[in-house]
Amino acid sequence: VHELVVRARAGDRDAFSELAARSIGRLTAVARMILRDEYAAQDAVQETFIEAWRSLPGLREPDRFEAWLRRLLVRSCFKGVRRLKRIESVEIRLTPADEPAFAGLERDLDVHDQLERGLARLPVDQRTVVVLVYYLDLPLADAAQAMGVPLGTTKSRLNRATQALRAVIDADSREPSRVGKGIER
Amino acid sequence: MNGRFAAQLRQHLLDTADERPAHDQLATVRDRVFVTPQRRPFAARLTSNPGRFGPFSSAAARYALIALALTGALAVALLIGAGAGPTPLPPPSPAPTTTPAPEPTASTGPAEPTLGPSAGLASCMQFDHEATYAANIGGLPVSITVPATASSSWAGLPDEFELRNAPCGDRGSLWINAVLVAHVYADSCHWKSSSVEAPIAADVVSRLQAQKGHDTSAATDTNVGYFRATRLDLSVPPDFDPTACDDGVLGLWKTPARIRTIDPGTTIQVYVTDVDGVTLVVTAGYHPEDATPDVLAEIDAMLGSLRVDM
């Protein structure tokens with residue numbers, strides 16, 4: 001990677017294409033998790049690579065390329081969220097978490113479903129730190145750098161995110177009795 | 001958070017992660033990179049690595065430095081305003097720089113320099129009635145409407161923007177093409193060693209005006225769709241023999257997949273426009289003997305319908 005970054009930094013487009021090919025899958029997965037919108041995720045990844053190519057001559061330490069790319073991606077995702085919010089102001093977008101649930105089915109949700117609903121409900125800054133720490137396995141300091149916020153802010157966001165996720169699971173575990181009554185009616 | 005919950009969360013993210021890039025996403029990135037210039041190192045650091053000017057001991061120190069810089073800029077502005085006069089600009093560079101990138105050759109698959117039907121034309125879309133043809137050009141969704149009054153069927157490629165007034169598989173006598181361009185040849189005959197960068201639309205226009213090997217009309221300002229564009233008409237006399245040229249063809253510009261050429265006896269209308277910082281070049285080509293007023297009107301109508309879904 002070091003050699004490819006050095007060549008790409010000097011203007012070698014083939015080297016940059018190789019770097020993009022190696023990382024596009026992982027970056028796309030991260031963008032999908034953060035944005036939860038396929039088209040917005042694709043836009044964010046594309047914007048990340050174009051910005052990386054344009055700004056690459058300014059990267060002094062080639063070994064920091066991946067961390068630098070992650071930061072560009074997070075920035076692009078946050079921009080994507082702002083664009084999505086503008087769209088949502090005229091179109092009410094139904095996410096899985098917003099869709100009306102069928103009481104009888106909800107009882108059968110497993111932990112995966114509960115986590116998925118919980119992640120969908122998280123604010124994007126909290127969902128981002130969850131993805132960086134638990135999917136990319138980044139140390140908190142690296143996650144803070146990727147998001148461009150202080151370490152303390154990152155810790156508190158992660159803490160609030162995990163509390164919210166646990167709350168979703170706890171709430172669902174208390175649901176069956178109430179839901180059961182609903183079925184009986 | 002306890003370890004079990006953390007493990008569940010981690011496993012959930014790993015299980016649900018979709019690492020498959022979208023169809024053509026990597027190709028789109030490559031296309032956009034191909035036509036996008038890099039920033040100079042100082043500007044690149046300013047925009048993307050602001051922290052590299054640090055580390056500063058505090059935010060106050062950083063703001064103090066910014067304030068100092070602004071004060072200095074203000075002082076310089078006042079000096080100039082007081083009569084110091086503008087500093088003369090350095091003279092423009094005398095010639096464009098030549099890029100060292102290897103040239104695609106006429107014998108290698110998609111880089112084949114040809115104006116003829118592409119290999120993929122067999123799988124093209126055919127329009128026998130009024131319809132909108134759309135294709136993605138390096139991430140730009142571009143469309144053109146084939147009018148109800150079209151003189152014949154038109155066929156369009158699915159993976160690149162190229163329309164021909166012929167059924168799928170035929171060559172036709174008119175064609176409309178759109179690409180992103182950032183490299184133009186200085187000499188269309190000896191194109192292999194003469195690629196020059198053209199980072200912005202004005203560069204593409206000036207490089208084409210200076211390009212050797214064909215006749216070039218004066219540049220005119222016009223519109224293509226909703227966009228302001230500069231039009232140039234390029235033509236090569238029918239009796240010109242290109243066999244002494246590189247690979248026996250005249251090359252105009254190159255894209256990642258293709259070298260655009262011009263055949264003897266043809267005319268190409270070239271429309272150069274800036275779309276969101278990249279240079280979109282739309283061309284309409286024909287043999288002059290086919291260019292009846294009706295044909296030219298059909299081309300004008302189709303170019304007028306060009307849209308870019310930003």
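Naming: A, B, ... by sequence-line order, numbering from 1 per chain.
R32(A) contributes atom CZ, which lies 7.0 Å from atom CZ of R20(B) (distance to the nearest 0.5 angstrom). In this structure, the separation between CG on L13(B) and OH on Y134(A) is 10.0 Å, given to the nearest 0.5 Å.
For Q8(B) against L115(A), the heavy-atom pair with the smallest separation is O-CD1, 3.8 Å. Between V29(B) and F49(A), the shortest heavy-atom distance links the atoms CG1-CB, 3.6 Å. The two residues M33(A) and A17(B) have their closest heavy-atom pair at CE-CB, 3.3 Å.
For A8(A), the part sitting under 4.5 Å from any heavy atom of chain B is the backbone (N, CA, C, O) and nothing else. With a threshold of 4.5 angstrom between heavy atoms, E38(A) approaches chain B through side-chain atoms but not through N, CA, C or O. For V30(A), no part sits under 4.5 Å from any heavy atom of chain B, backbone or side chain. Heavy atoms closer than 4.5 Å to chain B are found in the side chain of L119(A), but not in its backbone. Only the backbone of A10(A) comes within less than 4.5 Å of a heavy atom of chain B; no side-chain atom from C-beta onward does.
Scanning residues 15-26 of chain A against chain B with a 4.5 Å non-hydrogen threshold yields F16(A), S17(A), A20(A), A21(A), I24(A), G25(A), R26(A), sorted by number.
Pairs passing the salt bridge (charged side-chain N to carboxylate O under 4.0 Å, His left out) check and including a residue from residues 132-160 of chain A, sequence neighbours excluded, read D125(A)-R157(A), D137(A)-R10(B).
Counting heavy-atom pairs closer than 4.5 Å to chain B, the top-ranked of the candidates V45(A), V133(A), I50(A), L27(A) is I50(A). Ranked by heavy-atom pairs shorter than 4.5 Å toward chain A, the options Q25(B), R30(B), R32(B) are led by Q25(B).
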Please determine whether side-chain contact (heavy atoms from CB on, under 4.5 Å) holds for the pair D18(B) and T28(A), giving the CA-CA distance in whole Å, both sets of side-chain angles, and the decisive distance to 0.1 Å.
CA-CA 8 Å; D18(B) 182 358; T28(A) 301; over 6 Å; no
